[in-house]
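For reference, the structure is listed below as structure tokens.
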Amino acid sequence: MPKITIAKKAIESTATLFFFAGLFAYIAWPWLNGFRLKEPPPHTLVVYGFSILQEVMSGRIFPAFQRHYQQKTNKRIQILGSFSGSGTTTNHILMGAPAQVALLSTPGNAARLKQAGLVRTDWASFPFRGVIARTPVVILVRHGNPKGIHDFSDLVRDPIAIIHPDPLTSGGALWAILAEYGSALTRSEAQWGRPDRSAAFLQLEGIWRRITALTGSARGARTQFDSGFGDALVTYEQEAVSDMRLHRFSAELIMPWATIFTEPLAVIVDRNVSEADRPIVNEFVNYLWSDAAQFILVDEGFRSVTHESFNHESPYFQPMAHPFTIADLGGWDRAYDTIIREIWEKQILQELRP
Amino acid sequence: MSILLENVTKRLVNHTVVDRINLTVKDREFFVLLGPSGSGKSTILRLIAGLTPLTSGKIFLHGHQVDHLPPQERGIGYVFQNYSLFRHMTVADNIEFGLRIRAVPPSERQRRREQLLEILGLGGYGDRFPCQLSGGQQQRVALARALAYSPDVLLLDEPFGALDVKIRAQLRESLKAIHQELGVTSILVTHDQEEAFELGDRIAVLEQGKLVEVGLPEELYQKPKTEYVASFLGTANLLRLWVSGAMVNLGQASLPLPPPFTSAAPSQVDVLIRPEDIELNSAQEKLTTTCLGYGEIKKVTPVGPGVKIRVTLKADQVEFRHALPPLPNLGVNVIYVVTSARAYAQEGFRPGHHVWLGIRNYHVLPYERTRVLLAIDGSAYQEYSLELGKALFPALQSEVDIIGIAERRSEQQKAQAGLVYAERVVSPAARRVRTLYRQGNAADMILGELEKAPYDLVMIGTRGRRAPTRFKVGSTAARVLQYSLTPILVIPAERKEIKNILICVTAGEPGRIAILQTGRMALKAQAKVTVLHVVSSGFGSPAAAKEAPVDEDGAKAQVDRALQLLTSNQINAVKKVRSGHTVEEILAEANSGNYDLVVTGAYLPYGHSSLLVDNFTTQILANIHVPMLVVRYKEGFPRSG
Amino acid sequence: MGKANSSRAATINAANDSRERAFTPLRLRLVVPVTLLSLIMAPLLILPLVAIFFFAGRGGFPVFWKSFSGAESQFALRFSLLIATFTALINSILGTAVAYFLAKYRFPGKRPLSIVMNLPVAIPTVVVGTSLLLLWGPLGLLGQYLDPIGFRPMFAPIGVLMAHLFVTFPYMLGAVKPVLEEFEVTYEEAAYTMGAGPWKTFWYITLPALKGGLFAGTLLTFAHSLGEFGATVMVSGNLRLRTQTAPLYIFAQFEAGNISAANAVAAVLALISFIIFLILIRFSETEQKRLL
């Protein structure tokens, strides 16, 4: 009997030993292996982006740029990316995250980086004032549209549960608010010749009454919607199109009668860019408006800013009746102050507070 | 001279754990430090080992001063009470540890380990872990481990304390054998007398961090020099007796005194009679030894091969006082006798039988010390007590217990701070100082202490705070006076020395003992004594008039006897006679003269309540401005020697 | 040895016999409560764990392997294990040293200090992350001076390590300190008297006695570090192939809708934690036996 116990104990200790030996061997594998590999790439580019750019950047544009750069300079580079809500990304960069290029959802985020002194190069000097692509805010509903939703105005109806990204951390959510408010302005202007602010207010308030879940980013909101929560999701068109491409789009895309074009933009975080890295960073930023990159963006569901003709290549883009842009609302700063700060934050949020 | 301690002292923040120990342990000697818990014996061992830093003093091992060395460099073996075997090592590894540290080659280590396992009867246990051994075996391993590297000195800290009696006895045997075989100089610390006597070549007895006595075991047992050793070792009948000439009287027996104690001066001695030295017989004629008296068998307890018999002597047979009362509830005249069980059975004694006792052997100890209970209360009077104490204690060779009493828990800190202060003030003057903290009624607490130990004097600095008006004296002093026979010293005024003593013999005549005690004090302090006799013309109050019988002739004779007693002891004594109202005259004399101490007696039945109200003593106490010693004696006490 | 063992074997046999005899009626009596308990506990504890493995294995091994073997998931897992290893190693040294001082020495302010040492357990890990950012970040108390000289611990592996050290420190302390407190000073004193200096004593006597607590503490620290999320998400910067730990990878992939990728790593992470947990349990059992 004791002998068996001893044997069992020996087996157990040996197994424990092997377990940890295996674990450490696994950890050390790249180093053990590394001697056989070629030199690691000498230059690294760090790109922080907001959530919906994850796949198009990591999966398509980064590899394409790496190839492009190697062809051009015969140098290998490594690109590291981190993707989360646009606000979160901005905060991370403010707190010291080593981003060299930031792809942000709104000009407001870019302004914060500039204010903190991290961004010195003015993105307005970039092509298209830094905007790399466009994608409208749309509504996704369940297959067969059981709730009969055709426009933002239908979202105010009672038994509807809306999934929405959180304006605190997500740029997409801010765009969505602008779309929800601005679409009513556009409609009233088309009907009566002048924008009706009270109608716009009522529409925005009605929609926010129906919101059942706020998530940190546009991407998170879609994951939640995909998991079966809610009747409608307010998000980027690109979110739906990228799924359609992969034939895994089970929802239905509703293009509102009037909606806003969101305009994600690229900025250079000069603080984290050494002189040695600057050519790569500049090359990368310029590459974003190259035909190759724009084509990839369109392929992934974004609408190109450089060539409208690219957009006709995609079979997924629906025609838009009355698109408007941030310029129609008086520019980002003004729209942010009047619509988001004054109306949404100070009035609607206060009213909705239980 | 293997181990030498010179003035070794260990002091903690406000407590001296080991106090100026001087000790020599000879080469190859087995030395035992014996004492109760808290006597500092283990600390001495730790000081020798270097495990506890020394406060002052020197330690030499084999002639080298080691007190500045860390334990690693002292070359000692140490056995702990809890064995402290390394649990993650086998027995063999434990034993070899010291050798491994000394980088002894493996073959040598193995040889030594096997040898030790063999000597200790642990052959074949080398591969075991400590947890697989019994307590006795573990302690053997600990012993082997300490001996492995042949240390110069072996220190054993209560090594058998955690073991049961039988295994303890076995281990003692092995230890003795090992010591004889290896001859390593050893010090054993124990509180177990049996262990000390069985193992020790010599024994040192410790009390409260002080070395009381060092000697051979039989010497310490039979002829101790101190009361403490006499009573600490074994059972002792330790009797405090008066010397008359070259003899002491104990019941019917007159025991001759050895030379140092024979003195014309009246004094007290302690007589130690071991229970084995008392003969027990059914008839006086059959006694082969000096007859002591007869008494009644109260209780018989088997001890080892013999029986221990408690006998209560008949009150009219012997009047004596135990130096240390055996147990308060057993009565006063208790004598312990140990005799062989067979002898006891042959005689057919039973509890309740009356037996005659004879003294086979006895040992005389000097009685010099006075035990003083000093009560402090944080008032200004406390300073008077402490000041007077500083003058008094050296003269009386006092062992002082300072008692601080908090009536409420909230006063505890204050009381304890007072104790620390008082201890510091009194320490230089006294032979020994202890502090006692109590919480409760002051008088009750003082009376409680007086019952526990035979104090010779209780000092109550003040007359008592917040004394209700119906008490002329403070409530505390009055109640202590009422219920205790211990002389009480009340100090209402400041005196820094005792040069002039007034003894009032008139109404409440102080007894012989009080006069003698005062005399001794006067002698030591080289003070002048005035014996006052007031030719009475009345007492202060009707109540007081009843309490002391007016016996003018008797009183005069008493004064003369007292004077004689004092002068015969080379004390400078004069007689003074006044006439008038007793209390007034005494007060007039006491307050006018340049006296430092007034001594008066209080002759009262035990627990007499009139003392609380208004009587001769309280009238004097209430109005006197000189320290006053009140000696009270109970009814039936022989009024003249 | 043989004699004692055989007698012990006899006791074990006797114990087994009596247990078997007593078990049969007991088993029947236990059916109802055990079933009830399982029904309550299943949706709370057991089924969620089952779900992970169910989803991870749903697409079959090829899908699992494809998700698992990707560079990002491999990096995340490896990075987490590496951070956990360093956290465990550093904390085992740091924790032992601190526990040693706390258990052995008396000094003013000891109690407040030991409370502060255990504080990370009570503080939400996200707060820990934030506080680290506010200290070491480029705008932080210390960071604003360190940033110009190029020392930027946040959003770098060193920052993740700092966060993990901070968060797991109390577990190490909690495992080692009680052992040290029970460890009687006489063991060390015995070694001193036998000639061993402080270092040898620590190496040969104190450390072996601590072995158990150290082992348990290291494993606990390792497991906690492996699963740490709250503080990591604040300080890591979540940079793929650079500072993304396995839990962050799982969260990012889940949020991005790549459930299979998330589940593959989650399942492996759960498996490693489970094995460590098993080892801990077995270890504490045998330790207790040895103590008895």
Side-chain angles (χ1 to χ4, degrees), chain B residues 42 45-46 48-52 69-91 93-104 124-134 137 141-142 144-151 153-157, chain C residues 1-12 96 103-108 175-176 178-216 283-292:
Chain B
S42 289
L45 217 56
R46 294 177 60 85
I48 298 173
L51 296 174
T52 299
L69 294 177
Q72 291 86 355
E73 293 167 36
R74 295 197 185 188
I76 42 153
Y78 201 106
V79 179
F80 294 85
Q81 181 176 4
N82 64 357
Y83 327 135
S84 293
L85 291 181
F86 307 137
R87 282 190 285 185
H88 61 282
M89 292 186 190
T90 60
V91 167
D93 287 340
N94 262 288
I95 296 175
E96 286 179 31
F97 185 77
L99 298 169
R100 202 176 293 230
I101 292 293
R102 286 166 175 76
V104 172
Y125 283 74
D127 293 332
R128 296 222 184 161
F129 281 94
C131 60
Q132 294 170 311
L133 302 179
S134 70
Q137 288 168 330
V141 176
R145 187 177 70 172
L147 289 168
Y149 45 93
S150 311
V153 173
L154 180 64
L155 305 174
L156 303 122
D157 188 1
Chain C
M1 185 131 183
K3 197 180 161 191
N5 274 345
S6 64
S7 73
R8 202 197 295 162
T11 7
I12 291 168
T96 308
K104 218 177 156 195
Y105 296 100
R106 284 200 196 171
F107 48 88
V176 177
V179 184
L180 266 174
E181 270 164 358
E182 264 180 39
F183 181 71
E184 282 185 52
V185 73
T186 52
Y187 292 105
E188 287 174 323
E189 289 180 344
Y192 292 159
T193 60
M194 281 183 273
W199 276 112
K200 277 188 176 167
T201 302
F202 183 78
W203 188 252
Y204 289 116
I205 307 304
T206 316
L207 206 58
L210 272 182
K211 208 171 54 183
L214 212 54
F215 183 66
F283 175 74
S284 63
E285 276 173 9
T286 50
E287 269 301 277
Q288 267 165 5
K289 251 181 232 159
R290 207 204 283 178
L291 287 179
L292 289 172

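In what follows, chains carry the letters A, B, and so on, assigned in the order in which the sequence lines appear, proteins first and then strands, with residues in each chain numbered from 1.
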**Prompt:** Residues in side-chain contact (heavy atoms from CB on, under 4.5 Å) with Tyr105(C), at least two apart?
**Reply:** Phe101(C), Phe107(C)
**Prompt:** With side chains defined as the heavy atoms from C-beta onward, is the minimum distance between Tyr78(B) and Leu51(B) less than 4.5 Å?
**Reply:** yes
**Fill in**
Okay, Glu189(C) and chain B: the region with an atom under 4.5 Å from a heavy atom over there is both
**Item:** side-chain contact (heavy atoms from CB on, under 4.5 Å) involving Ala216(C) - partner list, sequence neighbours excluded
**Value:** Leu280(C), Phe283(C)
**Request:** Tell me, with the steps shown, if Thr90(B) and Asp127(B) meet side-chain hydrogen bond (donor to acceptor under 3.5 Å, both in side chains).
**Result:** CA-CA 6 Å; Thr90(B) 60; Asp127(B) 293 332; 5.7 Å; no
**Heavy-atom contact with chain C under 4.5 Å, split by part of Leu85(B)** = backbone
**Asked** In this structure, are over 12 heavy atoms from other groups packed under 6.0 Å from Tyr204(C) atom OH?
**Response** no
**Fill in**
Listed by number, the residues in residues 96-103 of chain B that come under 4.5 Å of chain C (heavy atom to heavy atom) are Phe97(B), Gly98(B), Ile101(B), Arg102(B)
**Asked** What orientation do Trp199(C) and Phe202(C) show, parallel under 30°, tilted 30 to 60°, or perpendicular over 60°?
**Response** perpendicular
**Fill in**
Sequence neighbours excluded, the answer for salt bridge (charged side-chain N to carboxylate O under 4.0 Å, His left out) partners of Glu181(C) is Lys177(C)
**Selection from Pro71(B), Ser84(B), Pro70(B) maximising heavy-atom pairs under 4.5 Å formed with chain C** = Ser84(B)
